[in-house]
Participant: 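After the structure tokens below, expect a handful of questions from me.
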Amino acid sequence: MISTTDQRTMTILDLPGATPDDVAFPPWLATMRRAAATRFAELGLPARNDEEWRHTSLRSLQSTPLVPAGGTASSLDAGVVNAAALPGLTGPRLVFVDGVLSADLSSLDALPAGLTVLPLSEAAARHETLVREHFGVLADGAREAFTSLNTACLGEGTFVHVARGVDITEPILVLAIATGRAATATHPRLLLIAEESSRASVVEDYVSLGHVPHLTNIVTEIFVGANAHVQHAMAVRETDEAFNISTLKVRQERDSYFASHSALFGGALVRNQVNPVLVGTGGHSLLNGLYLPRGRQHHDSHMRVEHQAPNCESRQYYAGILQDHAHGVFSGRIVVSQIAQKTDAIQQNRNLLLSKDAQANTKPQLEIYADDVRCTHGATIGELDEEALFYLRSRCLSEEAARGLLVYAFAREGLERIELAPLRDALTNLLVEQLPYRGLLDSFVGDEAG
Amino acid sequence: MTAMLEIRNLHVSVEGQEILRGLDLTIKPGEVHSIMGPNGSGKSTLAQVLAGRDSYDITDGSVVFRGKDLLDMDPDERACEGVFLAFQYPVEIPGVKTTQFLKAAVNAIRAHHGEDELDAADLMGHFREKMKLVHIEPDLLRRSVNEGFSGGEKKRAEIFQMAVLDPALCILDETDSGLDIDALKIVADGVNSMRSPDRGFLVITHYQRLLNYIVPDFVHVLVDGRIVQSGGKELALQLEEKGYGWINAPVGAGA
Amino acid sequence: MADSTATLDAWAEQEYKWGFVTDIEADSAPPGLSEDIIRFISAKKDEPEWLLEWRLRAYRHWLTMSPPHWQFLPRGYGPIDYQSIIYYSAPKQKGDGPKSLAEVDPKLLETYEKLGIPLEEQMMLAGVAVDAVFDSVSVATTFKETLAEKGVIFCSFSEAVKEHPELVQKYLGTVVPYSDNYFATLNSAVFTDGSFVFVPKGVECPMELSTYFRINAMNTGQFERTLIVAEEGASVSYLEGCTAPMRDENQLHAAVVELIALDDAKIKYSTIQNWYPGDKDGTGGIYNFVTKRGKCIGKRSHISWTQVETGSAITWKYPSCILQGDDSIGEFYSVAMTNNRQQADTGTKMIHIGKNTRSYIVSKGISAGFAHNAYRGLVQVNRSAENARNYTQCDSLLMGDQCGAHTFPYIDVRNPTAHVEHEATTSKIGEDQIFYCTQRGITEENAVSMIVNGFCKEVLKELPMEFAVEADKLLSISLEGSVG
């Protein structure tokens, strides 16, 4: 446990120099860590004049004093952890408390054959070649400050490997809890390699327990082999003081399927970046997301789908429900390179503004260099449909119940795309807790669950 | 009477896979030929090849249409010479009105035959007469080509175009697919009204039902890219009753 | 299909038919930009002191600015040497200049006739008044008297400064301030001529107004400025056309257009832009960097932009509407066609401020050859804009596999009662469509032309009838004679 006397408060820019390297990484990784620190210093934090950050200011993050993660894991009662975890997910699990892996709270026993789940440091020692060939390849941080920062401050991470042809049905859970005991900066890292024709799913769940500012700066790299099927889900359930920046990089080989589900349910400033690259023909990519900022929260999702091979399909469906003074940002870009003929890409962003003080910015973009493609995108921003409200009220629903039901239906559409039933149900329950008029929704939700 | 269309030993493949494997067929003016066959037997390929679609490789054989080498012509030349294909899936052309489209087509064909262009008034008169044949509403002519048409409207519009362009050889590619019985009767009536001693028909269908309404002179069964049996209209009835299974595919045809 | 590729290649290799040069003696400023040059231009035009001051303020501000870099131009563009540009060039004239068309240099009349814009009134399309701008000056304006009877002012900008200074001073820079952006600021400093239109209260302008811009002289930039004011209940339809000779260097065209619509006024502004696009290797051509903006100040006012953009080496322009008056309407209809090595980054901005404001955007981009065509648009709904509505449709057509089509819409909404919808598609010209047409006897070349025109139909129908034919020709002329 970090003793309070050790704690130095500092800003985000000081973190690389101050984060302890107390995890036993091999020398090549230590070298990468140092190079990333240099790169981060060169890049600095992105400013508003950077087109990709035009609607998201990092000024408040920059002025927030932070404490580097590290040392031994904070103790946390197993009952607290289980209460915090998404219900119904019973597979292998790694639990990080304030950025430090807790062996006691994790369960990696009796893994099915062909599935490897290890702390990253252990994987780097035991499977050096494999890790070295993949780590930092997709998230090289050359141009992205937060990716560089993650590598520069690398602590313990998660390594998942699924062997060729192995079909893992239960999702692997990575639960990261910020206790709120200190203003910790953590840098979760996940490397997933799914070999040819394998199948796996992983859920990253970020929860904060206390009302203390903290930074969660996530980098996830996923390699989806030929004909493999990988689902990734991320839930951000942090409090109004939290900064959560995530970068998900995916490489898809031929005939592979990849789905990303993002549920942004809390956090003062949430930036969710998903970037699949389809390098083999016949791949399919689904990016599905829901953002529900409330109060003065700011949720920003940046999607970039790169079609680099012919005959691939991609689908982006993002929906935002904006309450109070919340600010929702969506930017999606479909990039179709010259050889990516017969690309079929769809991008949809829908926003529901529930308050006169809420704000939505959306930027669905197409960048196309191939001529035989079908790309469509669309965006809508608006309030609830008056016709539908009237219709429901004419069927005896109160105005509140009608509004609640329509909002629920709007959000539910995204969750229905999640194949993993326990995850879908858990997120649906969480969703209801976040919505206005939630008391009136129980009967509907109950019906659906039944 | 001399043949209007003579197909000899036609071999066609797509991406190295042979679809038609030595097909022979002769159509004389005034005759209605029907080609039937299971899915994937090459029926639609034949229609597309005759109309000049260039995504097929013609590896062997010849097609002579009214004494000329059909395979040597561009699609629009074939159309001007009198070959009409009623498409299985008529294509939508947004923003181009049906009248505008047909005006261009009629005048292209007239120019090909050294005739003067028709003016708008003459054309409209011509269109109105043909619209009655297939119960087409005038409103349809003002809409973009096939855009937002129902399945039945698309097929009727194809027959309407056929009547307007007055071709020598009418190829109907599964025009009956997806039509209910009322729509089918309208389409068949339109086709029957166009039967004449100097026009030939090639009716491609998967179902015998159409042939109750457009009664063919000859029925051919296409299996694996070859005509394996030919006969009169009664052959269609036998096929309906027994399916394609009873026709023994020729040795070496694979099935 | 092989043949349709040939059609498209031939289309991409079409020649520019407006590329001739008129041999006429010019009265030019020396190249370069300085306060002296600005004073020279102002003196040439005998301008009042306030206008010179305004120009100088703009120039001083411009010196503090740097060129924009956010455009999507994959091939970039060469640096512009502002000191090598000639900022003023006018065909030489004797004495005070022509009092009537009879006195206009016949060479100029001939030039416009060759461009298909005869300036003699009896030869013109009925119901269209023309202001002809040649390099830096307006050489003739037709039908002035007919318009004056209705109280409509239609004249060159220079003349407006002399004859109606109070109107110019009242409205100049109120929509596009001199400090607006790099190229608008440059224009404010050095603009030479352009058109001025004023339609008084309650008057429906009896004819189409049109300005025809022609760049002729070498090394010149064209910096015209157009100001259109429609008072309460007035309405006007205005069209501009433009061409330039074929030259190997890039010439800069940095215009500013300001539109002002008061209560219940309606302004329809159409552009057929056919500046020289450069040759097929991308040498030469016009840099068309234009700021166009309309302000719907009045309640229920209505501004509509229609553009058919086929020329220029590079086009950046975003004709915009500030929807300030309650119930005002903004519209933008655009066809942008790029081929060879042309690059276009064009679109619109709709700024909703008033209640119940509505905007409608239809953009059609066509790319061929090695061209890049980007739509960039902003729909902004401010907090005050209760019940704002926007619908955007944005379609791209690709012809060939070396070109690009890009779409960058920005949607910013701060009012929950807004309804904003954006739809976009990108597709290639369908082989199925071409085959279907040819199967009906239509040649491939005509089929492509027909499909392209069909694709653009929603925009072309917005053009005034007299010009719809011209635009149609412009789009299909490129396809003529291309199949052997």
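Just so it is clear, the model here is predicted, and its values are computed rather than measured. Chain letters run A, B, ... following the sequence lines, proteins first, then strands; residues in each count from 1.
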Participant: How far apart are the closest heavy atoms of R440(C) and A79(B), and which atoms are they?
Facilitator: C-CB, 3.8 Å
Participant: Could you tell me which non-hydrogen atom of G454(C) sits nearest to which non-hydrogen atom of V96(B), and how far apart they are?
Facilitator: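 So the minimum-distance heavy-atom pair works out to CA-CG2, 3.9 Å.
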Participant: Does any part of the side chain of F101(B), heavy atoms only, come nearer than 4.5 Å to the side chain of I442(C), both counted from C-beta?
Facilitator: yes
Participant: How about NZ on K154(B), more than 12 heavy atoms from neighbouring residues, nucleotides or ligands closer than 6.0 Å, or not?
Facilitator: yes
Participant: Is it the side chain or the backbone of Y436(C) that comes within 4.5 Å of chain B heavy atoms, both, or neither?
Facilitator: both
Participant: Say you draw a straight line from CG of N107(B) to CG of N446(C); how long is it, rounded to the nearest 0.5 Å?
Facilitator: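 Interatomic distance, N107(B) CG to N446(C) CG, rounded to 0.5 Å: 11.0 Å.
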Participant: Contact part of L165(B) toward chain C, heavy-atom cut-off under 4.5 Å: side chain, backbone, both or neither?
Facilitator: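 For L165(B), side-chain heavy atoms alone lie under 4.5 Å from chain C.
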Participant: Counting only non-hydrogen atoms closer than 4.5 Å, does P167(B) touch chain C with its backbone (N, CA, C, O), its side chain (CB onward), both, or neither?
Facilitator: neither
Participant: Need one label for D432(C): side chain, backbone, both or neither, based on atoms under 4.5 Å from any heavy atom in chain B.
Facilitator: both
Participant: Identify the heavy atoms of G52(B) and F435(C) that sit nearest to each other, and give their distance.
Facilitator: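 Answer, listing the atom of G52(B) first, then F435(C): C-CE1, 3.6 Å.
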Participant: Looking at Q439(C) and A51(B), would you say the former's side chain and the latter's main chain have a donor-acceptor pair under 3.5 Å?
Facilitator: no
Participant: Measure from the side-chain N and O atoms of E92(B) to the backbone N and O of Q433(C), and report whether any donor-acceptor pair falls under 3.5 Å.
Facilitator: no
Participant: Of the backbone (N, CA, C, O) and the side chain (C-beta and beyond), which part of E77(B) lies under 4.5 Å from a heavy atom of chain C, both, or neither?
Facilitator: neither
Participant: Taking atom OH of Y89(B) as the centre, does the number of heavy atoms from other residues, nucleotides or ligands within less than 6.0 Å exceed 12?
Facilitator: no
Participant: Taking all heavy atoms of C80(B) and all of G441(C), pick out the closest pair and write down the distance.
Facilitator: SG-O, 3.7 Å
Participant: What part of N146(B) gets within 4.5 angstrom of chain C, counting heavy atoms only: side chain, backbone, both, or neither?
Facilitator: side chain
Participant: Heavy-atom count check: over 12 atoms from other residues, nucleotides or ligands less than 6.0 Å from K130(B) NZ?
Facilitator: yes
Participant: Would you say NZ of K68(B) has more than 12 non-hydrogen atoms from neighbouring residues, nucleotides or ligands within 6.0 angstrom?
Facilitator: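 It does not: K68(B) NZ has 12 such atoms or fewer within range.
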Participant: Sort V106(B) into side chain, backbone, both or neither according to what part of it lies under 4.5 angstrom from a heavy atom of chain C.
Facilitator: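 Neither part.
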Participant: Taking atom CZ of R358(C) as the centre, does the number of heavy atoms from other residues, nucleotides or ligands within less than 6.0 Å exceed 12?
Facilitator: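 Open: at most 12 neighbouring heavy atoms sit under 6.0 Å from CZ of R358(C).
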Participant: Answer yes or no: are there more than 12 heavy-atom neighbours, outside D116(B) itself, under 6.0 Å from its atom CG?
Facilitator: no
